[in-house]
Amino acid sequence: MEIGQILQQTIKDIVKTYDGDVQVEIEQPAQLAHGDYATNIAMKLSRVAKKNPYEIALDLKEKLVEKELPVKQIDVVRPGFINFFIAWDRVNFFSSTTKQVDKQKVVIEHTSINPNKSAHIGHLRNACIGDTLARMMKQDHQEVETHNYIDDLGNQLADTLTALLHTESNKPATRFGDYCWDVYSSLNQLYDKGELSTDKRDDVLHKLEEGNNSISWLGYAVADKLSAEHVEEMGQFDITYDLLVWERDIVANGFWDRAFEKLQTSEVFFKQEHGPQAGCWVIRTNEKQEASEGSVEHQADKVLIRSNGVLTYTAKDIAYHMWKFGLLENDFLYKPKTETLWTTSAVGQSQPFGRGDAVINVIDYRQEYPQKVVKQALHAAGYEKEAAQLKHVSYGVVSLSKNTAAKLGLETVEGKAVYAMSGRKGIGIKISELILEMKEAIRVQSPEANEETIEALTFAAIRYNMLRYNTTSDIIFDLDEATQVTGNTGIYLIYTYARANSILQKAQAAHLTSTDGSFADADDAERAILKHVSGWNGTVERSISELEPNLLCTFAFELASLYNRFYALCPVIKATPDEQKRRLKLTELVKEQLEMIFSILGLPKLERI
RNA sequence: GCGCCUAUGGUGAAAGGGGAUAUCACACGAGAUUCCGGUUCUCGCGUUGUGGGUUCGAAUCCUGCUAGGCGCGCCA
């Protein structure tokens, strides 16, 4: 049990004598002088007890000091805070408490880039969040399976195919995706100028949907090549997948037919007989719809089967999600793509993929409505548990700052601070471009580092930068800021880890040991670290329950800052024997903690730089 | 038209969903360290869109306004 939990439970037992249902909360004060843990319970109780909060706090303190707690001092401070100073020598940091194995299986879908051109930094944000969530849950002993969805029957691929067939680019490109990036925007500019109609694209889309024709096979080859480039690029950031899922395989295996059968029993799924959606199979998503048929441009029922019989994206997504939960009788066939990656395939073998107890989709907030429709469909088919376990990790999009937009040649406007990326206009920052900039910045900063180290630092810095924002926040991406090598960066964390390792190696060479080191007499800089580390498990639990990886980034940065401050203030090797042991033990604790964090955040553990 | 979200120093981002002088980074200014090899540390500088409300107490809750964004497609 964690310190905070111990204190919370103890206080809960004590306040039972008070009337009222008041939530006991234990927090870590911002200021060290306010103790290592604290509670405001007395001020909360003052309302029901009709008593001075300071007096309530004094009363509670008297009861608390009688308990067996790993506490060496309890202060009561006006207006009614109770501050606890922990006896750190009685806290076991190094115990490996084996958590009860949770048998739940989680299927996480992330990355899922349209196979139409190279990936940009918005795609990278998705992939970093998804991969880190997977690592968090594996850390929490859950069974995790990560999927990368390839929409090879959509307009975007059709556009890229049309562009490849009808336009050229003379820009240098070393990757197929970069070439497609350019011709894709060339095509859209032709559309915009009216020099090309979308008929050709529509025809291409139609042939993709038909299957087994030249365009269809060509599209598959293009999507295969592009998705392979995407996966390879993500691999540089240590982002991995278990399975690639192809949309064409969802169609080919008849998932929708089974899903249709399951939905048919519902009253909210029906064939629309009149109005603009006549002839379509639709699902009712808004219960208000029946009451207001006036405005048909908005809030119409969601079409799942077009009047010409073709499935919409949402229909395929519903079927796909039924499969994710293991609700369909039919399944994909699979084949290995690499040693660690599988892919759905027209020919292959059976494998136990999918069948999740929980499903997490990492998709930006603009897809909230389609996600809602899928959840509604699960409800409609009677799958309440699955609907409840379908979770949408909604994240903000990555836009460009004015500074960066200007660098890309956009016309910036006075007073407008945020500029959207646009694939159609070819406006955006490819991941490869960011890598080049970051690598150069690190090379300038560390001219003597070897190439392997520069590479590792580059990917770490970029990945960390993508993770450290609140998931729901938009990122206003500034290229100068993103390539900083100082401040709250992955580089700072890695240097801190190298610094700790350096001390430990030095101590080992001098035959110094941390055995019998005690935190009983830890001074302030040391206490701050112990206090912070003691909150780790709480941070992980909260990060998982809220699906917020950035809480771990905040924790890591604060730990690194505290350790560097300790480094400046507290000599380790040139200290007294008692201080040596204690501080070496503390350094070991910090090293171990950072290793755990790096495993989750996907950062490399460089012992030297 | 309807619905949803957001607003924090010059810039970017936090603040566990009421509690201690609102934190961090960058920028700008000043200082220290230059070694336990490691890009580090300390200090200063500045502020919660706006009006009203609830409360002992509001960045956090309610509400009006203002500004910005998103969604509602037989697209994906």
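The analysis underlying the following values was restricted to heavy atoms, covering all of them including side chains, and did not include hydrogens, waters or symmetry mates. A note on names: the letters A, B, ... follow the listed sequences, proteins ahead of strands, and every chain is numbered from 1.
Pairing each heavy atom of Ile573(A) with each of Ile503(A), the nearest pair is CD1-O, 4.1 Å. Of all non-hydrogen atoms in Tyr464(A) and Thr489(A), the two that sit nearest each other are CD2-C, 3.6 Å. The heavy-atom pair separating Leu562(A) from His532(A) by the smallest distance is CD1-CB, 3.7 Å.
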Polar pairs (N or O, both sides) under 3.5 Å between protein and nucleotides 40-49 of chain B?
unit_1 : atom_1 : unit_2    : atom_2 : d
U40(B) : O2'    : Arg499(A) : NH1    : 3.2
C41(B) : OP1    : Tyr492(A) : OH     : 2.6
U42(B) : OP1    : Arg565(A) : NE     : 3.0

Tabulated below should be each protein N or O lying under 3.5 Å from an N or O of nucleotides 20-22 of chain B; please produce it.
unit_1 : atom_1 : unit_2   : atom_2 : d
A20(B) : N6     : Asn83(A) : OD1    : 3.2
A20(B) : N1     : Asn83(A) : OD1    : 3.2
A20(B) : N1     : Asn83(A) : ND2    : 3.3

Give each protein N/O atom lying under 3.5 Å from an N/O atom of nucleotides 28-30 of chain B, with the pair distance.
none

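Between Asn361(A) and the choices His392(A), Gln371(A), His110(A), Gln367(A), the side-chain hydrogen bond (donor to acceptor under 3.5 Å, both in side chains) rule is met once, by Gln371(A). Applying the side chain to side chain contact (heavy atoms under 4.5 Å, CB included) test between Ile283(A) and each of Leu304(A), Val374(A), Val303(A) identifies Leu304(A) as the sole match. Each of Asp364(A), Thr472(A), Asn126(A), Thr471(A) was scored for a side-chain hydrogen bond (donor to acceptor under 3.5 Å, both in side chains) with Tyr395(A), with one residue passing: Asn126(A).
For the 3.5 Å distance criterion, the side chains of Asp159(A) and Asn116(A) fail to qualify, holding no donor opposite an acceptor. No donor-acceptor contact under 3.5 angstrom links the side chains of Ser543(A) and Glu546(A), judged on distance only. Side chains of Asn564(A) and Thr496(A): a donor-acceptor N/O pair is present below 3.5 angstrom, by distance only.
Taken together, the paired segments of RNA chain B that extend over three or more consecutive Watson-Crick or G-U pairs, each closer than 3.5 Å at both contacts, are B:1-7 with B:66-72, B:10-13 with B:23-26, B:28-32 with B:40-44, B:49-53 with B:61-65.
A donor-acceptor contact under 3.5 angstrom links the side-chain atoms of Ser307(A) to the base of C74(B).
Listed nucleotides: C75(B), G19(B), A15(B). Nearest to the side chain of Asn40(A): G19(B). Nearest nucleotide to the Gln484(A) side chain, out of U11(B), C26(B), A15(B): C26(B). Minimum atom distance to the side chain of Glu25(A) is reached by G17(B), of the listed A25(B), G17(B), G12(B). Set against C74(B), A15(B), A13(B), the side chain of Thr312(A) has C74(B) as its closest nucleotide. Considering only the side chain of Glu546(A), G17(B) comes nearest among C74(B), G73(B), G17(B). Looking at the side chain of Tyr369(A), the nearest of the listed nucleotides G12(B), C24(B), G71(B) is G71(B).
Partners of Phe566(A) according to the ring-ring contact (aromatic ring centres under 6.0 Å, His included) rule, which considers only residues two or more places apart in sequence or in another chain, are Tyr563(A). Residues meeting the ring-ring contact (aromatic ring centres under 6.0 Å, His included) test with Phe598(A), sequence neighbours left out: Tyr497(A).
Between G9(B) and U48(B), the distance separating the two C1' atoms is 10 Å to the nearest Å. Taking atom C1' in both U55(B) and C61(B), one finds a spacing of 10 Å when rounded to whole Å.
Between Ile573(A) and Gly538(A), the residue anchored closer to the 5' end of RNA chain B is Gly538(A), taking for each the nucleotide with the nearest heavy atom.
A donor-acceptor pair is defined here as one N or O able to donate and one able to accept, closer than 3.5 Å; no such pair exists between the side chain of Asn465(A) and the backbone of Ala461(A). Between the side chain of Glu588(A) and the backbone N or O of Ser514(A) there is no donor-acceptor pair closer than 3.5 Å.
The distance from atom CD of Gln5(A) to atom C1' of G16(B) is 14 Å, rounded to the nearest whole Å. Rounded to whole Å, atom P of U6(B) lies 11 Å from atom CD of Glu368(A). One can place CG of Leu551(A) at 13 Å from C1' of G17(B), the figure rounded to the nearest angstrom.
Taking 4.0 angstrom as the limit, Lys44(A) places none of its side-chain polar atoms (N or O) nearer than this to OP1 or OP2 of G19(B). The side chain of Arg468(A) contributes no N or O atom lying less than 4.0 Å from OP1 or OP2 of A25(B). Residue Asn470(A) has a polar side-chain atom (N or O) positioned under 4.0 Å from OP1 or OP2 of A14(B).
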- Message: I'd like to know whether Tyr37(A) forms a ring pair (Phe, Tyr, Trp, His ring centres under 6.0 Å) with Phe85(A), so could you lay out the CA-CA distance, the side-chain angles of the two residues, the decisive distance to 0.1 Å, and finally the verdict.
- Response: CA-CA 7 Å; Tyr37(A) 286 84; Phe85(A) 295 79; over 10 Å; no

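At a threshold of 4.0 Å, the pair Arg527(A)-Asp524(A) counts as salt-bridged, since one of the basic side-chain nitrogens sits closer than that to a carboxylate oxygen.
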